[in-house]
Amino acid sequence: MGAVTLPKRQLPTPHHQVSYRSSTNKPDYKVLFYIPNIIGYVRLCLLLLAFCFLSSSPVWFVNLYIASIVLDAFDGFVARKLQQCSLFGAWLDVVLDNLSRGLLWTHIHPMLYIVSALEWATFCCNYATGAEWRQAFAQSKKEVPWMIAYIMANNWRNPLGVWVISGLHVFPLWLFGLQYGVFVSHLSFLPYSIQMAGLIVLGSGRLVCGITEVWCLCSHIYSILVNSSSPK
């Protein structure tokens with residue numbers, strides 16, 4: 001398979017690292033109150049409320065969880081419209097995504113914690129390379145497999161990227177709906193064949209996403225070993 005990739009990945013340099021004590025740079029606390037970030041706090045409240053209903057009312061859980069997903073799609077638009085894009089907002093968005101899916105995966109089955117652990121590990125590895133890690137993957141020409149570069153091209157706004165991101169976000173919710181009979185009780189108009197087709201399409205998208213996550217993790221481990229073996 002051809003390669004479409006990136007200059008060798010390095011561990012984060014001081015340019016990428018956060019300085020917690022600086023005489024010149026002061027934290028801009030106004031960022032915490034940007035409208036997109038406030039939407040993120042609302043998402044967190046919706047998620048916590050959703051999981052309160054998880055056992056007693058799966059339907060209410062699904063409704064609140066979907067509301068959080070809708071706000072997830074909306075906050076980026078608001079950030080661009082109001083020119084309130086921020087590194088904190090990008091970080092908060094991914095943290096909330098991982099938190100929501102992690103709680104859902106472990107509730108579907110405790111062993112699925114490994115899926116959540118992989119997501120968190122990938123998040124840590126990618127953000128260690130800097131805030132522009134997605135652009136680096138998408139624009140790289142030598143070492144990133146062509147499929148992974150294509151998935152991340154145009155911020156995942158391409159057919160393969162949409163399929164993978166749909167699997168990432170929707171597949172655990174689809175599994176939950178099947179496990180708790182939400183399709184039978186409230187979506188009975190959907191034929192069983194559609195339910196199974198959704199399971200296959202979303203599940204295969206999540207599988208490709210998992211392969212991408214494993215590649216990112218292995219790539220980061222490789223960069224650690226390369227830096228560890230550099231002459232002192």
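Just so you know, residue 1 is the first one in the sequence shown, and it goes up from there.
- A heavy-atom distance below 4.5 Å is not found between the side chains of Val162 and Arg157.
- Leu199 contributes atom CG, which lies 9.5 Å from atom OG of Ser204 (distance to the nearest 0.5 angstrom).
- Leu99 places a side-chain heavy atom less than 4.5 Å from the side chain of Leu44.
- Ala121 approaches Leu217 most closely through the heavy-atom pair CB-CD1, 4.0 Å.
- Using a distance-only test at 3.5 Å, with no hydrogens or angles considered, no donor-acceptor pair links the side chain of Gln195 to the main chain of Leu178.
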- Determine, step by step, whether Val201 and Trp163 satisfy the side chain to side chain contact (heavy atoms under 4.5 Å, CB included) criterion, reporting the C-alpha distance in whole Å, the side-chain angles of both residues, the deciding distance to 0.1 Å, and the verdict. CA-CA 8 Å; Val201 171; Trp163 174 47; 3.9 Å; yes

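- Leu47 and Ser100 make their closest contact through CD2-CB, 3.4 Å (heavy atoms, listed as atom of the first residue, atom of the second, distance).
- Atom SG of residue Cys85 and atom CZ of residue Arg80 lie 7.0 Å apart, to the nearest 0.5 angstrom.
- Tyr65 pairs by the ring pair (Phe, Tyr, Trp, His ring centres under 6.0 Å) definition with Phe61, not counting sequence neighbours.
- Crowding of Tyr41 atom OH: a count of heavy atoms from other residues, nucleotides or ligands under 6.0 Å exceeding 12.
- By the rule that hydrophobic residues join a cluster once side-chain heavy atoms approach within less than 4.5 Å of another member, Tyr150 and Leu207 end up as members of separate clusters.
- More than 12 heavy-atom neighbours from other residues, nucleotides or ligands sit within 6.0 angstrom of CZ on Phe189.
- For the pair Val94/Glu119, no side-chain contact is recorded, criterion being any heavy-atom separation below 4.5 Å from C-beta on.
- Follow the hydrophobic side-chain contacts under 4.5 Å out from Val214 and you never reach Met111; the two are in separate clusters.
- Separating the CG atom in Asp72 from the CD1 atom in Ile66 is a distance of 13.5 Å, to the nearest 0.5 Å.
- Heavy atoms only, all atoms of each residue included: Ile108 and Gln179 are closest at O-NE2, 3.1 Å.
- For Thr212 (side chain) and Val208 (main-chain N/O), a donor-acceptor pair under 3.5 Å exists by modelled atom type.
- Note that CG of Asn63 and CG of Leu46 are 11.0 Å apart. Values are rounded to the nearest 0.5 Å.
- A heavy-atom distance below 4.5 Å is found between the side chains of Phe183 and Trp174.
- By the criterion of side-chain heavy atoms lying less than 4.5 angstrom apart, applied directly or through intervening Ile, Leu, Val, Met, Phe, Trp or Tyr residues, Leu49 is grouped together with Trp60 in one hydrophobic cluster.
- Put simply, Leu64 and Val59 are part of two different groups of oily side chains (I, L, V, M, F, W, Y) that touch within less than 4.5 Å, one to the next.
- Side-chain atoms of Ser219 never come within 3.5 Å of backbone atoms of Trp215 as a donor-acceptor pair (strictly under, hydrogens ignored).
- Side chains of Leu168 and Val164 form no contact here, defined as non-hydrogen atoms less than 4.5 Å apart.
- Between Gly102 and Ser116, the shortest heavy-atom distance links the atoms CA-OG, 3.3 Å.
- A pairwise comparison of heavy atoms in Thr122 and Cys216 identifies CG2-CB, 4.0 Å as the closest pair.
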Residues 28-39, side-chain donor-acceptor partners within the protein, below 3.5 Å, at least two apart:
from  : atom 1 : to    : atom 2 : distance (Å)
Asp28 : OD1    : Lys30 : N      : 3.2
Asn37 : ND2    : Val31 : O      : 2.6

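- Within the 4.5 Å cutoff, the side chain of Leu175 has heavy atoms near those of the Trp105 side chain.
- Residues Val95 and Phe123 meet the side-chain proximity criterion, which asks for heavy atoms closer than 4.5 Å.
- Here the CG atom belonging to Leu103 is positioned 9.0 Å from the CG atom belonging to Leu54, to the nearest 0.5 angstrom.
- In summary, of the residues considered (Tyr180, Phe53, Phe51), a ring pair (Phe, Tyr, Trp, His ring centres under 6.0 Å) with His107 occurs for Tyr180 alone.
- Distance check, rounded to the nearest 0.5 Å: CG of Asp93 to CG of Leu71 gives 11.0 Å.
- Met152 and Ile211 are not part of a single hydrophobic cluster, where members link through side-chain heavy atoms under 4.5 Å apart.
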